[in-house]
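Residues: numbered from 1 along the sequence shown.
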Amino acid sequence: MKTRLLNPIKLTEGGNNSRFFSGTANIPLAQEICEHLDVSLGKITVKTFADGEIGIQVHENVRGKDVYIVQPTCPPDVNDHLMELILMISTMRRASARRITAIIPYYGYARQDRKMQARVPISAAEVARMLEHMGVDRVVAVDLHCGQIQGFFGPRTPCDNLEGAVVALPYFTKIGLHGESTVIVSPDAGGVHRAKKFRDNLKRSGIDCGLAMIIKQRSRANAIEHMDLVGEVDGSDVIIVDDMIDTAGTLCKAGAELTRA
């Protein structure tokens, strides 16, 4: 049996009614959040038994507290991280926490958000159902693959979708871009709204640039058969806006298509 005790960072006086915990998916992120908020990271043990089962034990009293769990369900162990999150929510609920907020920067199964063919699950919705059934009160995600995932949660479980692109805006406003020779490109049709929003934010910063998109046709998952560019990018500085990179196949082929254009 493998056991890992997630030690707390330096205790402070702040956040008396709040408790922050982390699974094993991204402990440094949880520590940075706590340092920024000047609160402590709670003591919790996440252990793995010889048969692969996950065990959770919380070493602090959370009765009547507002509990925040930082646990992206990200690679390489998506299913283990998801199970950790589910068990942590269940543990906090059974320990009588007042409110439970799951902070999920990477929402696993987000790309399976609709039925593209017969006899397939809508896995993003099933993940939302599991989190709700375990008793989560609120979910905070970053750059959900599709905004409709927020609707997979019921009205009693708000889901906040934070935009990571705003962090990059100050950089692009300082590198000397000119609106007439800059184009924001979405690498697929589903991301046009995201690219348009990024362009609008740049416009508010004084850079009024163009917008283009690439329509891709997949032969199977992670395999792109053909790409078509909609828009004009000849002689322009191009910024590709996307929400995630898996194999980087889309990004590489989009770059090649834009270079040929």
- Message: For Pro187 versus Thr250, what's the shortest heavy-atom pair and its separation?
- Response: CB-CG2, 3.7 Å
- If you measure from the Lys or Arg side-chain nitrogens to the Asp or Glu carboxylate oxygens, is any gap between Asp200 and Arg204 under 4.0 Å? no
- Taking every heavy atom of Ile104 against every heavy atom of Pro72, the minimum-distance pair comes out as CG2-CA, 4.1 Å
- Query: Any chain of hydrophobic side-chain contacts (each under 4.5 Å) joining Val233 to Val241?
  - Reply: no
- Item | Contact check, side chains of Leu162 and Val140, non-hydrogen atoms, under 4.5 Å | yes
- Message: So Ile214 and Asp228, do their side chains get closer than 4.5 Å, heavy atoms only?
- Response: no
- Query: So do the side chains of Leu211 and Val183 get within less than 4.5 Å of each other, counting heavy atoms only?
  - Reply: no
- Item | Shortest non-hydrogen contact from Ala212 toward Gly231 | CB-CA, 4.0 Å
- Message: Looking at Arg194 and His145, would you say the former's side chain and the latter's main chain have a donor-acceptor pair under 3.5 Å?
- Response: yes
- Message: As an exercise, state the distance from CD1 of Ile122 to CE of Met116, rounded to the nearest 0.5 Å.
- Response: 11.5 Å
- Reported CD-to-NE2 distance for the pair Gln57 and His59, which is rounded to 0.5 angstrom: 4.5 Å
- Task: Could you verify whether a donor N or O on one side chain and an acceptor N or O on the other, from Asn79 and Tyr109, lie under 3.5 Å apart?
- Result: yes
- Please confirm whether the backbone N or O of Gly191 pairs with a side-chain atom of Asp188, one donor and one acceptor, at under 3.5 Å? yes
- Item | N/O donor-acceptor pair under 3.5 Å between Asp143 side chain and Gly164 backbone | yes
- Just checking, is any N or O donor in the side chain of Ser123 or Gln112 under 3.5 Å from an acceptor N or O on the other one? yes
- Query: Between the main-chain N or O of Asp234 and the side-chain N or O of Glu232, is there a donor-acceptor pair closer than 3.5 Å?
  - Reply: yes
- Message: If I compare all heavy atoms of Cys74 with all of Ala25, which pair ends up nearest, and what's the gap?
- Response: SG-CB, 4.3 Å
- Query: Would Asp208 and Arg199 pass as an ion pair if we require N to O under 4.0 Å?
  - Reply: no
- Message: Would a single hydrophobic cluster contain both Ile239 and Leu229, if residues Ile, Leu, Val, Met, Phe, Trp and Tyr are joined by side-chain heavy-atom contacts under 4.5 Å?
- Response: no
- Query: Hey, what do you get for CD (Glu180) to CD1 (Ile207), rounding to the nearest 0.5 Å?
  - Reply: 10.5 Å
- Query: Hey, does Thr45 have a side-chain heavy atom less than 4.5 Å from the side chain of Ile56?
  - Reply: no
- Would you tell me whether Thr24 and Glu84 have side-chain atoms, one donor and one acceptor, within less than 3.5 Å of each other? yes
- Task: Return yes if some donor-acceptor pair links the side-chain N/O of Tyr106 with the main-chain N/O of Val142 below 3.5 Å, else return no.
- Result: no
- Item | Ion pair check, Arg93 and Asp137, cut-off under 4.0 Å | yes
- Query: Between the side chain of Glu60 and the main-chain N/O of Lys43, is any donor-acceptor distance below 3.5 Å?
  - Reply: yes
- Query: Hey, are the side chains of Gln150 and Leu144 touching, using non-hydrogen atoms and a 4.5 Å cut-off?
  - Reply: yes
- Item | Donor-acceptor pair, side chain of Asp66 and main chain of Ser18, under 3.5 angstrom | no
- Task: Indicate yes or no: at least one non-hydrogen side-chain atom of Val70 is less than 4.5 angstrom from one of Phe21.
- Result: no
- Which pair of heavy atoms, one from Ile103 and one from Pro105, lies closest together, and at what distance? O-CD, 3.3 Å
- Would you call Arg129-Glu132 a salt bridge at under 4.0 Å N-O? no
- Please work out whether the ring planes of Phe20 and Tyr68 are parallel, tilted or perpendicular, with thresholds of 30° and 60°. parallel
- Message: Quick check: closest heavy atoms across Val136 and Ile100, and the distance to 0.1 Å?
- Response: CG2-O, 3.6 Å
- Item | Student check: side-chain heavy atoms of Val139 and Thr101 closer than 4.5 Å | no
- So if you build clusters from Ile, Leu, Val, Met, Phe, Trp, Tyr with side-chain heavy-atom gaps below 4.5 Å, do Val166 and Ile184 land together? yes
- For residues Phe172 and Leu177, determine if any side-chain heavy atom of one lies less than 4.5 Å from a side-chain heavy atom of the other. yes
- Using modelled atom types only, decide if a donor and an acceptor are shared between the side chain of Ser236 and the backbone of Val238 within a distance under 3.5 Å. no
- Item | Arg138 and Asp160 ion-paired at < 4.0 Å | yes
- Keeping the roles fixed (side chain from Asn201, backbone from Lys197), state whether a donor-acceptor pair exists under 3.5 Å. yes
- Message: Please determine whether the number of non-hydrogen atoms from other residues, nucleotides or ligands lying under 6.0 Å from atom CE of Met130 exceeds 12.
- Response: yes
- Message: Any side-chain to backbone donor/acceptor pair from Thr157 onto Gly154? Under 3.5 Å, distance only.
- Response: no
